[in-house]
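Working notes, beginning with the structure itself.
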Protein chains: 2
Amino acid sequence: MGNKVNISDEVVEMAKLAKAMGHPVRLYILQKLSQMNACCYSGDLVDELPVGRSTLSQHLKELKYAGLIQGEIEPPYIKYCLNKENWENAKSMFHRLFDESETI
Amino acid sequence: MGNKVNISDEVVEMAKLAKAMGHPVRLYILQKLSQMNACCYSGDLVDELPVGRSTLSQHLKELKYAGLIQGEIEPPYIKYCLNKENWENAKSMFHRLFDESETI
DNA sequence: TTGTTATTTCGCAAAACAACGAAATATATT
DNA sequence: AATATATTTCGTTGTTTTGCGAAATAACAA
């Protein structure tokens, strides 16, 4: 009894993605970037979002850490875009999760 | 300038769902429940997951709070299942997010 | 009533998160 | 060299999360 299962790497990885998506500001950014393959600058975001520069920077850092976005230096700006490969991967993981629930 | 946007209710709601999914134990539970419309008992889970009873209970509480699962009292057990309506809603929100990124 | 089983709530400690302003960095311009 | 712009890092503060064991609850059985 009590044979502990070990949680699969996929579940751990997906939980990390979900956690990164689990804040309104971060999800807003992802939504924005996912629309028509847009990219944006930290300065654009700080103008439209109700958080300060340093706070926004932290959120961007977390999205980067989770692998969902990437920043290209484009002096004097940093251009942020989705990390497409990882985004596609995230998409298929969430797809799998929700499609397993299909009533057959 | 700096006309702050207000983050839509949908984004706030979806962030709440993502947050609830953002822990390996909770995601494991959701995955399990989503497979073939299964339900389970807290006792089953505590046997297979590497957390104590009270900790597991907290995780179940959070999933309930987010609306993703529901518990039916079935003495002496409590049977946990997905909250199908909200699960379908979550599914379509995540779908929308990821499908906006389609390269057209 | 006393005990048993399944689960939750409480109280606590440690860690992580969210937010801010000030200072630092990096790159261009004067 | 000094200044300006865009962004990040640092230090701090208050809040939330995660985890545990002990005690509480709820339903049933002896």
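Chain identifiers are assigned alphabetically (A, B, ...) following the order of the sequence lines, protein sequences preceding nucleic acid strands; residue numbering begins at 1 within each chain.
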Give a yes/no on whether any side-chain N or O of B/Thr55 is located under 4.0 angstrom from OP1 or OP2 of D/dG19.
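Indeed not, no polar side-chain atom of B/Thr55 lies that close.
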
Does OP1 or OP2 of C/dA19 have a side-chain N or O of A/His59 closer than 4.0 Å?
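So the side-chain polar atoms of A/His59 do come within 4.0 Å of the phosphate oxygens OP1 or OP2 of C/dA19, strictly under.
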
Quickly work out the [X] [atom1] to [N] [atom2] distance and round it to whole Å.
| X | N | atom1 | atom2 | value |
| --- | --- | --- | --- | --- |
| B/Ile69 | C/dT7 | CD1 | P | 12 Å |
| A/Tyr41 | D/dT5 | OH | C1' | 14 Å |
| B/Glu62 | D/dG19 | CD | C1' | 12 Å |
| A/Leu63 | D/dT8 | CG | P | 12 Å |
| A/Glu74 | D/dT5 | CD | C1' | 15 Å |
| B/Arg53 | C/dA6 | CZ | P | 8 Å |
| B/Glu72 | C/dT7 | CD | P | 14 Å |
| A/Lys61 | C/dT25 | NZ | C1' | 14 Å |

Please figure out whether A/Pro76 or B/Lys64 has its closest DNA chain C nucleotide nearer the 5' end.
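This one resolves to B/Lys64.
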
Selection from [options] that lies nearest to any side-chain heavy atom of [X]:
| X | options | answer |
| --- | --- | --- |
| A/Ser42 | D/dG21, D/dT8, D/dG19 | D/dT8 |
| A/Ser54 | D/dT7, D/dG19, C/dA22 | C/dA22 |
| A/Ser57 | D/dC28, D/dT8, C/dT9 | D/dT8 |
| A/Ile78 | C/dC20, C/dT7, D/dT7 | D/dT7 |

Distance-only, no hydrogens or angles: does the B/Arg26 side chain make a donor-acceptor pair with backbone N or O of B/His59 under 3.5 Å?
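Judged by distance alone, no pair lies under 3.5 Å.
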
Please check: side-chain N/O of B/Asn86 versus main-chain N/O of B/Leu68, any donor-acceptor pairing under 3.5 Å?
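It does not hold such a pair.
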
With a 4.0 Å heavy-atom cut-off, tell me which residues in residues 14-33 of chain A come close to DNA chain C, sorted by residue number.
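The stretch gives A/Lys19, A/His23, A/Arg26 as the residues lying under 4.0 Å from the strand, ordered by number.
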
Decide salt bridge (Lys or Arg N to Asp or Glu O under 4.0 Å) for A/Glu48 and B/Lys4; before the verdict, give the C-alpha distance in whole Å, the side-chain angles of both, and the deciding distance to 0.1 Å.
CA-CA 4 Å; A/Glu48 61 190 275; B/Lys4 306 294 182 186; over 6 Å; no

Side chains of B/Leu63 and B/Met21: does their closest heavy-atom pair fall under 4.5 Å?
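Not in contact.
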
Close side-chain approach of A/Val12 and A/Met14, heavy atoms under 4.5 Å
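A side-chain contact is absent here, since even the closest heavy-atom pair is not under 4.5 Å.
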
Closest non-hydrogen atom pair between A/Tyr41 and A/Ile78, with its separation
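Taking every non-hydrogen atom into account, CD2-O, 3.3 Å.
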
Less than 4.0 Å between a side-chain N and a carboxylate O, is that true for B/Glu62 and B/Lys19?
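Judged by the 4.0 Å cut-off on N to carboxylate O distance, B/Lys19 and B/Glu62 do not form a salt bridge.
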
Judged by each residue's nearest nucleotide on DNA chain D, which is more toward the 5′ side, A/Gln58 or A/Tyr77?
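Counting from the 5' end, the first nearest nucleotide belongs to A/Tyr77.
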
